[in-house]
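What follows is a single structure, written as structure tokens, with notes after it.
Chain letters run A, B, ... following the sequence lines, proteins first and then strands; every chain starts at 1.
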Protein chains: 2
Amino acid sequence: MIHMKNLFKSIPVDLPEELFETLVETENIHIERIVSKGHTSPKEGWYDQERNEFVLVLKGAARLEFEDGRVVSMAVGDYLEIPAHVKHKVAWTDPNEETVWLAVHHP
Amino acid sequence: MIHMKNLFKSIPVDLPEELFETLVETENIHIERIVSKGHTSPKEGWYDQERNEFVLVLKGAARLEFEDGRVVSMAVGDYLEIPAHVKHKVAWTDPNEETVWLAVHHP
């Protein structure tokens, strides 16, 4: 019934694309693991999301950029809450190791 | 507006009690950081929660016990989803270092 998993396991050796994996999905929330390795996203433009997003870096390093020009460098343990419709993008992730994120999307 | 924090910082040197800190609270979800150091909880009986809880160990080690007798040992990166009203307790946490948890309570 209760099944334990580990966020740092089951990561493919090759990551041609960012890896998105749903951990919990209900009508209220969506919890996902994201694994990046040198990826940036979205490829063009900005994320403009219907829901708020709590995002936490668990491994690696990344830079988020916001439409107002702000750039935020994130290291292990760093987290922030991105309100719905605040446009943002992943401007950089470490090309030398996996960056593992936990994201909680919530209305 | 967007304020970054770090889950491994702002931990008091002395932890006479477990430390609970709300990171995000809305009518839909409650995201909190919990820091334990040799603590178990609740002191007596079981947690019997109205909401589902996604729980992740970020540092340290812990053992959860369930009313059906199952015991789950959790290390860094381990996560599980505890459905509402599944009675459980924290039976053990590492007495030698802080155990840092992320918990997401959701209906």
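Sparse packing is recorded around NZ of B:Lys5, with 12 or fewer heavy atoms of other residues, nucleotides or ligands lying under 6.0 Å away. In B:Glu17, the CD atom is not crowded: 12 or fewer heavy atoms of neighbouring residues, nucleotides or ligands sit closer than 6.0 Å. For A:Glu67, the CD atom is densely surrounded, since the number of other residues' heavy atoms within 6.0 Å is greater than 12.
Counting heavy-atom pairs under 4.5 Å between each of B:Val76, B:Leu7, B:Leu80 and chain A puts B:Leu7 at the top. Note: A:Asp78 leads A:Val72, A:Val100, A:Asp78, A:Asn52 in heavy-atom pairs under 4.5 Å with chain B.
Within the 4.5 angstrom heavy-atom criterion, atoms from both the backbone and the side chain of B:Tyr79 approach chain A. Only the side chain of B:Asn28 has a heavy atom closer than 4.5 Å to any heavy atom of chain A.
A continuous path of Ile, Leu, Val, Met, Phe, Trp and Tyr side chains, each step under 4.5 Å between heavy atoms, connects A:Leu19 with A:Val24, placing both in one hydrophobic cluster. Hydrophobic cluster membership differs between B:Leu23 and B:Trp101, with clusters built from Ile, Leu, Val, Met, Phe, Trp and Tyr side chains linked at under 4.5 angstrom. Linking Ile, Leu, Val, Met, Phe, Trp and Tyr whenever their side-chain heavy atoms come within less than 4.5 Å puts B:Met4 and A:Val86 in one cluster. Taking hydrophobic clusters as Ile, Leu, Val, Met, Phe, Trp and Tyr residues chained together by side-chain heavy-atom distances below 4.5 Å, A:Phe20 does not share a cluster with A:Trp46. Following chains of ILVMFWY side-chain contacts shorter than 4.5 Å, one cannot reach A:Leu64 starting from A:Trp92, and the two form parts of different hydrophobic clusters.
Close approach to chain B, defined as a heavy atom under 4.5 Å from one of its heavy atoms, is seen in A:Leu56, A:Leu58 of residues 55-62 of chain A, taken by number.
To the nearest 0.5 Å, atom CD1 of residue B:Ile31 and atom NE2 of residue A:His106 are 5.0 Å apart.
Looking at A:Pro83 and B:Ile2, their side chains come closer than 4.5 Å, going by heavy atoms from C-beta outward.
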